[in-house]
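Data first, discussion second: the structure below is written as structure tokens.
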Amino acid sequence: MIKKITLFFALFGMVFTSCKPTNNIDKLTIATAASAQFALKKLAINFSKKHNIKVDVILGSSGKLTTQIINGAPYDLFFSADMYYPKMLFNKGETEKKPITYAYGAPVIWTMRKDIAIDSLVQLKDPSIKHLAIANPRNAPYGRKAIRYLKQKNVYMSVEHKLVYGESISQVNEYVLNKTVEVGVTAKSIVSSPKLKGKGFFKELDKEYWVKQGAVIIKNKNLPEMKKQFLEYVLSEEGKEILVNYGYSII
């Protein structure tokens, strides 16, 4: 009887073990700056279809995503809104290779209101504009560019009290779309996306304020060849065409 019970539990253990989920990951997880969300989602969908693999895109500010990666978040590639954070990860030994530039992003001043002449920075001082949203410059490169722009154009002191900080560009976009703020500084890649194209009015900032954007492969054991292929796809002619269609510049 004892032998029969032992045999039963041995067989049960084999079945249970075979049904348990394994630790093997059959998908890619892409961490991307919120400013690149629409372009990266399109790239991920295309790549997923080509290679029959699931690709998840996780959004956030570049700074917060970097912190998550340092703390062990299971991301496979990271597409930042600048080069600073990818270089930081490389210097900390978190990436396979040095970061590469995948595109240049243009900050834009964006509003839903027809009565606001965003071509004129002087109007940002107008009392009718009570709020100007930007991404938190501590974590978001586009937020830092916005501050630099306002200071160099000598309007920062006049509008500082109007500034509303979003955790990332995604929150800035919500503020503008919901008309919580009159004006926001976001990315051309956002307002050029099919989802938002034609909504509101925007002015692209000068070329000197463009953001050089970097990408890195995160050092882990998950699908090394597939990670490399995804980055190669982004840099391919087809990938570049998608990036340009979403408002990026390729230099």
Side-chain angles (χ1 to χ4, degrees), residues 30-41 57-71 73 75 77-90 92 94 99 101-111 124 131-153 155-156 159-160 162-178 180-193 195-196 200 202-216 218 243 246-249:
I30 313 296
T32 181
S35 57
Q37 59 181 290
F38 295 114
L40 260 295
K41 284 179 180 178
V57 178
I58 308 299
L59 308 177
S61 66
S62 297
K64 287 199 171 184
L65 290 172
T66 297
T67 299
Q68 291 170 12
I69 291 167
I70 292 171
N71 290 330
Y75 302 145
L77 297 101
F78 172 44
F79 290 82
S80 176
D82 68 356
M83 294 297 289
Y84 173 79
Y85 292 111
K87 285 180 179 178
M88 177 192 295
L89 291 173
F90 173 73
K92 288 181 175 291
E94 298 285 349
T101 301
Y102 67 94
Y104 289 79
V108 299
I109 300 174
W110 189 33
T111 182
L124 293 178
H131 308 96
L132 170 60
I134 67 171
N136 191 327
R138 289 182 298 177
N139 296 309
Y142 278 80
R144 288 195 289 275
K145 286 289 184 178
I147 294 292
R148 180 186 162 200
Y149 175 76
L150 293 171
K151 287 183 176 180
Q152 290 186 341
K153 298 301 181 181
V155 296
Y156 179 77
V159 302
E160 183 180 10
K162 301 181 180 184
L163 292 178
V164 176
Y165 297 100
E167 281 302 307
S168 70
I169 270 193
S170 290
Q171 194 167 49
V172 172
N173 299 335
E174 289 177 14
Y175 289 156
V176 175
L177 284 168
N178 297 334
T180 305
V181 302
E182 292 82 12
V183 179
V185 177
T186 185
K188 188 178 179 181
S189 55
I190 296 292
V191 298
S192 298
S193 68
K195 183 178 180 180
L196 297 176
F202 72 89
K203 174 195 175 185
E204 183 177 331
L205 301 194
D206 302 333
K207 192 173 181 179
E208 65 177 291
Y209 300 103
W210 286 8
V211 188
K212 187 178 182 180
Q213 311 209 164
V216 284
I218 305 303
L243 289 168
Y246 278 78
Y248 284 105
S249 292

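Quantities reported herein were computed from a predicted structural model and do not represent experimental measurements.
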Reported [atom1]-to-[atom2] distance for the pair [X] and [Y], which is rounded to 0.5 angstrom:
X      : Y      : atom1 : atom2 : answer
Lys188 : Glu204 : NZ    : CD    : 4.0 Å
Tyr246 : Ser192 : OH    : OG    : 10.5 Å
Ile58  : Leu77  : CD1   : CG    : 12.5 Å
Asn136 : Arg144 : CG    : CZ    : 9.5 Å
Lys203 : Thr111 : NZ    : OG1   : 13.5 Å
Leu59  : Leu40  : CG    : CG    : 8.5 Å

Within the distance-only criterion (no hydrogens, no angle test), does the side chain of [X] pair as donor or acceptor with the backbone N or O of [Y] below 3.5 angstrom?
X      : Y      : result
Tyr84  : Gly63  : no
Asn178 : Thr180 : no
Ser62  : Ala81  : yes
Glu182 : His131 : yes
Lys87  : Gly214 : no

**OP:** Show your reasoning for whether side chain to side chain contact (heavy atoms under 4.5 Å, CB included) applies to Val216 and Ile218.
**Re:** CA-CA 6 Å; Val216 284; Ile218 305 303; 4.1 Å; yes
Within the structure provided, determine whether [X] and [Y] are in side-chain contact (heavy-atom separation under 4.5 Å).
X      : Y      : answer
Thr186 : Val108 : yes
Asp206 : Lys153 : yes
Leu177 : Trp110 : yes
Leu89  : Thr66  : yes
Leu132 : Leu150 : yes
Gln37  : Ile190 : yes
Tyr165 : Pro137 : yes
Val185 : Tyr142 : no

Original post:
Would you say the side chains of Tyr248 and Ser189 form a donor-acceptor pair under 3.5 Å?
Top reply: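 Indeed, the side chains of Tyr248 and Ser189 share at least one donor-acceptor pair under 3.5 Å.
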**OP:** Go through the steps for Leu163 and Tyr156 under the test side chain to side chain contact (heavy atoms under 4.5 Å, CB included), then give the verdict.
**Re:** CA-CA 10 Å; Leu163 292 178; Tyr156 179 77; 3.8 Å; yes
Closest non-hydrogen atom pair between [X] and [Y], with its separation:
X      : Y      : value
Ser168 : Gly60  : CB-C, 4.4 Å
Ala33  : Leu65  : N-CD1, 4.0 Å
Met83  : Thr101 : SD-OG1, 3.8 Å
Gln213 : Ser35  : OE1-OG, 4.3 Å
Leu205 : Trp210 : O-NE1, 3.8 Å
Val172 : Gly184 : CG1-CA, 4.3 Å

Original post:
Is it true that atom NZ of Lys92 has more than 12 heavy atoms of other residues, nucleotides or ligands lying nearer than 6.0 Å?
Top reply: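 No, not enclosed.
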**OP:** Could you tell me whether Tyr104 atom OH has more than 12 heavy atoms of other residues or ligands within 6.0 Å of it?
**Re:** yes
**OP:** May I ask you to say whether Glu167 pairs ionically with Lys64, meaning some side-chain N is under 4.0 Å from a carboxylate O?
**Re:** yes
**OP:** Check ring-ring contact (aromatic ring centres under 6.0 Å, His included) between Tyr209 and all other residues, then give those that pass, not counting sequence neighbours.
**Re:** Tyr149
Original post:
Going through the checks in order, is the side chain to side chain contact (heavy atoms under 4.5 Å, CB included) test met by Lys145 and Arg148?
Top reply: CA-CA 5 Å; Lys145 286 289 184 178; Arg148 180 186 162 200; 3.3 Å; yes
